[in-house]
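Sequence lines set the chain letters: A, B, ... in the order given, protein chains first and strands last, and positions in each chain run from 1.
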Amino acid sequence: MQVKILYFAGLREALGCAGETVELPVGVGNVGELRAFLSARGDSWQTPLSRGNLRFAVNQRMAGPESAIGPGDEVAFFPPVTGG
Amino acid sequence: MQVKILYFAGLREALGCAGETVELPVGVGNVGELRAFLSARGDSWQTPLSRGNLRFAVNQRMAGPESAIGPGDEVAFFPPVTGG
Amino acid sequence: MTPGAISVQREDFDPGREADALIAGRRDVGAVATFVGLVRDANEGCGVDAMTLEHYPGMTEAALEEIVADAQQRWPLQGVRVIHRYGRLETGARIVFVAVASAHRGAAFAACEFIMDFLKTRAPFWKKEETPDGGRWVDAREADDDAAARWQKKA
Amino acid sequence: MTPGAISVQREDFDPGREADALIAGRRDVGAVATFVGLVRDANEGCGVDAMTLEHYPGMTEAALEEIVADAQQRWPLQGVRVIHRYGRLETGARIVFVAVASAHRGAAFAACEFIMDFLKTRAPFWKKEETPDGGRWVDAREADDDAAARWQKKA
């Protein structure tokens with residue numbers, strides 16, 4: 001299945017990437033699995049994505065590592081928010 | 001000694017009096033004693049001044065029945081405040 | 001406390017302009033909390049057309065200054081403004097304004113609410129409502145005493 | 001929630017005008033609490049000249065709407081207005097505005113602070129400060145998580 005992935009703020013800068021559309025292999029069905037899949041691309045992905053305080057959203061709602069993702073979903077990775 | 005007395009809001013209306021200057025007899029040295037002295041003037045004073053929630057100020061600071069009063073002081077009697 | 005922090009007046013005020021004045025030329029303020037109290041058209045189910053606010057000139061200002069000084073002792077504040085009107089006010093009219101500037105929002109919110117809570121229980125103002133059935137002095141609310149008392153516990 | 005209650009925009013806003021609009025033509029509002037957050041010139045001891053606010057278009061609006069809806073479920077509110085800016089903002093500039101109208105001050109204060117606390121922890125905005133030594137992403141503050149968490153206890 002295909003999903004849209006977005007990266008924000010310090011994570012976007014560290015990855016040098018604001019977003020991408022990715023074809024996921026079988027076995028990647030939730031946010032945690034997607035994170036592991038992206039980290040496997042190499043150190044430049046593994047290091048930024050291993051931050052303990054990373055936050056996630058699926059279809060623009062806050063999500064956790066267990067949150068399921070399906071075809072066409074929009075998944076976002078970002079640091080803790082600091083607005084206001 | 002002489003003191004200035006002020007009455008506010010519902011108490012002012014009930015007494016029909018906004019204020020007065022009174023010569024106090026010996027034995028009237030605090031707010032509670034002043035209240036008793038004024039109440040002794042008759043029913044039209046006794047009834048309004050007997051309200052349980054009556055508040056007092058001496059020289060424009062909140063005070064209690066035990067608060068001392070001296071010559072030239074400004075003593076105020078009023079209902080609980082309701083501004084804001 | 002900066003001069004002009006407290007006004008007791010008949011005239012209306014402009015909350016936006018007052019809040020702007022509090023932070024004019026400053027770059028160290030991170031948070032401004034404000035409160036505006038208005039004359040509502042209903043109080044305990046009875047219609048209100050207008051009210052008259054009586055106060056105790058002299059003591060009013062002293063009481064407000066003491067409340068503001070208390071707030072400034074409790075929190076690191078960068079500016080405070082309090083305005084309270086008296087006289088006849090129609091429904092919808094502004095009665096009171098409190099604005100507090102601080103580096104952080106927690107202090108600004110807390111001090112603003114603290115000042116309102118003590119203003120409600122310590123500042124010598126009295127409201128008389130005009131209703132279709134005549135004038136009526138507003139009773140003090142126990143909830144206001146409770147609101148002020150909770151700051152004691154936190155002290 | 002009334003339409004237009006939430007704006008996410010580059011442009012500045014006028015807090016006084018926004019608060020006035022919230023109560024325009026109404027006579028049942030007794031209390032308006034507002035909050036304005038500003039860019040401070042110092043953050044943890046280091047000088048800040050300006051900052052850039054990044055956000056997540058689409059999710060930002062959804063998150064703010066959910067926070068406002070939560071507040072409206074908790075308290076009887078008569079009006080809510082939230083404005084949050086993004087883009088580059090210099091020190092002294094307004095960042096965020098929250099205004100809440102209610103019959104009574106307790107609800108107005110609580111809802112205004114509740115919205116700010118959850119905005120700080122749930123709305124997808126990120127600040128990058130410009131300092132004399134370069135750009136620096138602002139770290140999330142534990143105090144903000146604590147501020148949001150205390151509303152859970154009160155639920």
Worked verdict on A:Val3 versus A:Ile5 for side chain to side chain contact (heavy atoms under 4.5 Å, CB included): CA-CA 6 Å; A:Val3 297; A:Ile5 311 180; 4.0 Å; yes
Checking ring pair (Phe, Tyr, Trp, His ring centres under 6.0 Å) for the pair A:Trp45/A:Tyr7: CA distance, chi angles, key distance, verdict? CA-CA 12 Å; A:Trp45 289 83; A:Tyr7 309 104; 5.7 Å; yes
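Side chain to side chain, D:Gln9 and D:Tyr86 fail the donor-acceptor criterion of an N or O pair below 3.5 Å. A:Arg35 and A:Ser50 form no side-chain donor-acceptor contact under 3.5 Å, judged by distance and modelled atom types alone. At a cut-off of 3.5 Å, with distance as the only test, no side-chain donor of D:Glu113 or D:Trp151 sits close to an acceptor on the other residue.
Against chain A, the residues from residues 93-101 of chain D that qualify, each with a non-hydrogen atom under 4.5 angstrom away, are D:Ile95, D:Val96 in number order. Interface with chain A: from residues 12-25 of chain D, no residue qualifies, criterion being any non-hydrogen pair under 4.5 Å.
A:Arg12 touches chain D through its side chain: at least one heavy atom from C-beta onward sits under 4.5 Å away, while N, CA, C and O do not. With a threshold of 4.5 angstrom between heavy atoms, D:Ala63 does not approach chain A through any atom at all. The part of D:Asp139 that comes within reach of chain A is its backbone (N, CA, C, O), which places non-hydrogen atoms under 4.5 angstrom from that chain. Interface remark: D:Lys120 contributes backbone and side-chain atoms alike to the contact with chain A (heavy atom separation under 4.5 Å).
Your options are A:Pro79, A:Ala76, A:Pro80, and the one with the most heavy-atom pairs under 4.5 Å with chain D is A:Pro79. Ranked by heavy-atom pairs shorter than 4.5 Å toward chain A, the options D:Ala62, D:Gly58, D:Gly37 are led by D:Gly58. Annotation: maximal heavy-atom pairing with chain A below 4.5 Å, among D:Met116, D:His55, D:Glu66, occurs at D:Glu66.
Two rings, from A:Phe77 and A:Phe56, have their centers less than 6.0 Å apart. Checked against the 6.0 Å centroid criterion, the rings of D:Phe114 and D:Trp75 qualify as a close aromatic pair.
Although no hydrogens or angles enter the test, the distance criterion places no donor-acceptor pair under 3.5 Å between the side chain of A:Gln46 and the main chain of A:Gly42. A:Thr82 places a side-chain N or O within 3.5 Å of a backbone atom of D:Lys127 that can act as its donor or acceptor partner. For D:Arg85 (side chain) and D:Arg10 (main-chain N/O), a donor-acceptor pair under 3.5 Å exists by modelled atom type.
A salt bridge is defined here as a Lys NZ or Arg NE, NH1 or NH2 lying under 4.0 Å from an Asp or Glu carboxylate O, and D:Glu130 with D:Lys128 fails to meet this definition. A salt bridge between D:Arg40 and D:Glu90 is absent, with no side-chain N of the basic residue lying under 4.0 Å from a carboxylate O of the acidic one.
Here the side chains of A:Gln60 and D:Thr60 are not in contact, with every heavy-atom distance at 4.5 Å or above.
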